[in-house]
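Structure, as structure tokens:
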Amino acid sequence: MTLRRTLILMLQQLLDDMQVIQQQGAGYYSCTPIVRRYNKLLEQSRALVSDDSRLIDSFDALPEEDPKDPGDKIKIVQGIRIEIGQLVTLLRAAEEGEAS
């Protein structure tokens, strides 16, 4: 299994983990572990996407903040979900590009 494929699976697992945490009490959990893991996986993804693809530059590391308001926490998690979905798509496209 390639490192890229492993990253894709880890990002998908992070989405699953986020879903479980939200179901167990949305708004009462800490966002910090999720953001930290996303940032680490993003850093690894940057190294895998070729230099000629500027799309990876459209992803920013997220601030590791943990707001008190449950509504703000949900917004952060929703943002992470979108970023992960887009990052997985980019990694898959890069994987397919290498296969052709």
Side-chain angles (χ1 to χ4, degrees):
M1 183 177 299
T2 66
L3 182 55
R4 181 175 286 122
R5 187 71 191 135
T6 302
L7 275 170
I8 290 169
L9 292 173
M10 291 178 74
L11 286 162
Q12 290 171 329
Q13 182 61 47
L14 183 57
L15 283 175
D16 292 344
D17 293 343
M18 289 168 49
Q19 183 68 31
V20 169
I21 290 168
Q22 284 183 299
Q23 290 173 350
Q24 291 177 347
Y28 298 101
Y29 54 86
S30 171
C31 296
T32 306
I34 297 167
V35 172
R36 280 186 187 145
R37 174 54 50 192
Y38 167 77
N39 286 339
K40 288 177 182 179
L41 294 173
L42 174 60
E43 184 179 325
Q44 292 295 314
S45 299
R46 285 186 193 287
L48 290 179
V49 177
S50 69
D51 294 334
D52 51 74
S53 174
R54 297 192 185 269
L55 290 174
I56 194 70
D57 294 336
S58 68
F59 294 90
D60 292 321
L62 300 174
E64 293 182 14
E65 57 188 42
D66 196 23
K68 302 291 182 220
D69 183 345
D72 290 337
K73 290 182 184 196
I74 291 171
K75 289 176 189 175
I76 289 171
V77 171
Q78 287 174 335
I80 295 170
R81 286 185 167 287
I82 292 168
E83 291 296 304
I84 289 174
Q86 293 293 299
L87 186 54
V88 166
T89 300
L90 178 63
L91 290 169
R92 284 183 176 154
E95 188 174 52
E96 290 173 13
E98 287 182 358
S100 351

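Given the structure is predicted, the values throughout are model-derived calculations rather than measurements.
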Within a strict 4.5 Å, meaning less than it, do heavy atoms of the [X] and [Y] side chains meet?
X     : Y     : value
Leu91 : Ser45 : yes
Arg4  : Gln44 : no
Leu55 : Gln86 : no

Heavy atoms only: give me the nearest Gly85-Thr89 pair and the separation to one decimal.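 In this case the closest contact between Gly85 and Thr89 is O-OG1, 2.9 Å.
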
Qualifying residues under salt bridge (Lys or Arg N to Asp or Glu O under 4.0 Å), relative to [X], sequence neighbours excluded:
X     : result
Glu65 : none
Asp17 : none
Arg92 : none

Once rounded to the nearest 0.5 Å, what's the spacing between atom [atom1] of [X] and atom [atom2] of [Y]?
X     : Y     : atom1 : atom2 : answer
Leu7  : Leu42 : CG    : CG    : 10.0 Å
Glu95 : Arg5  : CD    : CZ    : 6.0 Å
Arg81 : Ile74 : CZ    : CD1   : 11.0 Å
Leu87 : Leu14 : CG    : CG    : 10.5 Å

So, Gln13 versus Arg37: side-chain donor-acceptor pair below 3.5 Å or not?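 No, no side-chain donor-acceptor contact under 3.5 Å.
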
Cys31 backbone acceptor or donor facing Asp66 side chain under 3.5 Å: yes

Can you check side-chain contact (heavy atoms from CB on, under 4.5 Å) on Leu11 and Leu15, steps first, answer last? CA-CA 6 Å; Leu11 286 162; Leu15 283 175; over 6 Å; no

Mind checking what makes side chain to side chain donor-acceptor pair (under 3.5 Å) contact with [X], not counting sequence neighbours?
X     : value
Asn39 : none
Arg36 : Glu64
Gln78 : none

